[in-house]
Amino acid sequence: MILPIIDEYSLGLLIAFSCVLIVFFSMMRETDDLHRLLLTDLVEIVALVIIALVGTDLSEALILPGLVVGIAEILAMAEIYIEKENLVRAPERFLDIEIMHSAPGILSVILLIYGIILSGFTGGAVAGLGVLFYFLCKKSHEKTEIIETVSGYAWVCWVVAFITFMAAPQYWFFAVMLAGTGIFAKVAAKMSIVGTMRGNRDV
Amino acid sequence: MFEFENTAIEGQVLAYIPFGDIVDYITPYTAILLTFALVFTIIALISKPERQVDIAFGGDAYYTKDISNKQMKFQRFMAVACGLATMGGILSGDVFNFALFTAMVGIANIGIVASIKNKHILDNVFEYGILAMIGTLPLFGGSAIILASTGTLSMWILFTSAVCVPLVAKLLLVIGVIAEGMAPVYVAKAEITRAPGAPYILMVHVSSLVLFLRVIEIVISM
């Protein structure tokens with residue numbers, strides 16, 4: 001019973017150590033600092049492989065700390081690499097890509113219409129995403145009072161629907177539609193506010 | 001309940017702290033190492049950083065290097081973290097925990113030196129860091145082979161004469177500790193030791209010395 005396991009283990013160990021040899025050889029040949037950093041990640045992976053070869057629950061539990069150590073080290077090294085190569089550059093303008101000038105109109109309309117079709121919480125989220133995207137792309141100094149007003153009416157819809165449920169249960173379908181519309185408007189309004197939080201002077 | 005068969009190397013256990021099946025312990029040998037690490041951690045915690053003096057030749061001008069408050073705080077934090085990791089490694093009664101603490105010492109050592117914004121020093125820290133990262137392979141590989149061949153990582157069982165640990169695992173463990181933060185490897189890179197900021201830089205040497213003594217004790221006892 002034990003003998004075949006040992007054989008498989010030795011075979012796995014042999015393969016792992018041949019991987020180590022290959023990685024070490026490549027690290028010896030490589031001169032670019034960034035590539036060497038990436039190659040050291042390969043070494044870490046092989047270390048995890050050697051732990052995993054044990055193949056018990058304990059080895060499974062030991063992989064996680066090993067992985068964490070590896071990631072911590074590669075993060076620290078990446079920071080040092082950035083620092084020593086002077087690669088730090090403050091962005092001139094936050095998130096400026098071409099699609100944000102051409103797409104927002106049509107994408108927002110599509111998302112808004114699809115959100116209305118879905119209605120309810122999901123619909124609100126989809127429509128809100130559309131509005132959020134629009135506000136995020138267009139530099140907007142919009143009046144947030146409108147969003148607040150919509151949000152207020154949504155509350156009213158909800159409360160009316162709740163009272164209808166309580167007082168006149170036979171009109172439940174009307175109440176469901178009302179509540180669905182209310183939560184749709186509410187979620188959409190909330191999400192669109194996120195799109196306006198871009199560090200403007202009055203936010 | 002917990003005592004060693006062979007007390008020739010490190011003496012009998014003075015005290016132990018059982019965390020489940022991980023039993024940390026202290027012997028006369030490790031007590032000395034612990035005191036040493038503790039004293040230097042306290043020194044790093046309370047002392048002010050040194051200010052290197054540069055002398056301009058050909059005149060009588062000299063100036064001291066300025067160490068910013070931010071840099072000092074970061075170095076001090078890293079030095080204390082390094083000291084704590086060293087003490088954890090000394091007290092550990094589990095081979096894998098020892099390996100983890102050693103890896104943490106390596107990361108803290110990188111941090112101590114890397115806080116100095118100097119191109120040459122950063123270049124050398126990068127080289128050293130790559131060495132430390134490679135060092136995790138023999139370190140964890142060694143402890144994994146110990147686990148595979150003996151079925152346990154607890155030093156309480158590994159130190160008994162009934163258990164035989166393969167030589168290759170011992171060797172890998174020692175190589176791992178050497179690569180992770182050992183003074184000979186470190187001193188070869190002169191730029192690192194030229195970095196200003198004693199007593200924090202001192203912590204690099206203290207931790208490596210103490211951990212090396214500890215790993216030798218583990219390997220001989222196994």
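Lettering of chains follows the sequences in order, A, B, ..., and the numbering in each one begins at 1. All values below were derived from every heavy atom in this structure, side-chain atoms included, with hydrogens, water molecules and symmetry-related copies excluded.
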Q: Among V23(A), V46(A), L48(A), I45(A), find the one that has a side-chain contact (heavy atoms from CB on, under 4.5 Å) with L137(B).
A: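 Of V23(A), V46(A), L48(A), I45(A), side-chain contact (heavy atoms from CB on, under 4.5 Å) with L137(B) is met by V46(A) alone.
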
Of L58(A), I51(A), L53(A), the one forming a side-chain contact (heavy atoms from CB on, under 4.5 Å) with L147(B) is L58(A)

Contact summary for A47(A) and T136(B), nearest pair of heavy atoms:
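In this case the closest contact between A47(A) and T136(B) is CB-O, 4.3 Å.
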
Between I107(B) and V69(A), the two heavy atoms sitting closest are CD1-O, 4.2 Å

**Q.** More than 12 heavy atoms from other groups under 6.0 Å of CZ on F24(A)
**A.**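 Enclosed.
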
More than 12 heavy atoms from other groups under 6.0 Å of CD1 on I106(A) | no

Honestly, the part of I145(B) sitting under 4.5 Å from a heavy atom of chain A is both

(message) Heavy-atom cut-off 4.5 Å, strictly under: side chain, backbone, both or neither for I146(B) against chain A?
(response)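 The answer is neither part of I146(B).
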
Q) Taking the side chain as C-beta and beyond, is there a heavy-atom pair between F140(B) and L62(A) under 4.5 Å? A) no

Quick check: do N86(A) and K119(B) have side-chain heavy atoms less than 4.5 Å from each other?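 Of all side-chain heavy-atom pairs linking K119(B) with N86(A), none is under 4.5 Å.
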
Under 4.5 Å to a heavy atom of chain B? For I74(A) that would be both

When the 4.5 angstrom heavy-atom criterion is applied to V20(A) and chain B, the contacting part is side chain

query: When heavy-atom pairs shorter than 4.5 Å are enumerated against chain B, which of E83(A), E79(A), E85(A), M77(A) gives the highest number?
result: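 The option with the most such pairs is M77(A).
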
Checked P65(A), G55(A), A52(A), A76(A) vs chain B; the most non-hydrogen pairs under 4.5 Å come from P65(A)

Exercise. Salt-bridge test for E127(B) and R36(A): reply yes if a basic N is under 4.0 Å from a carboxylate O, no otherwise.
Key: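 Counted as a salt bridge, because a side-chain N and a carboxylate O are separated by less than 4.0 Å.
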
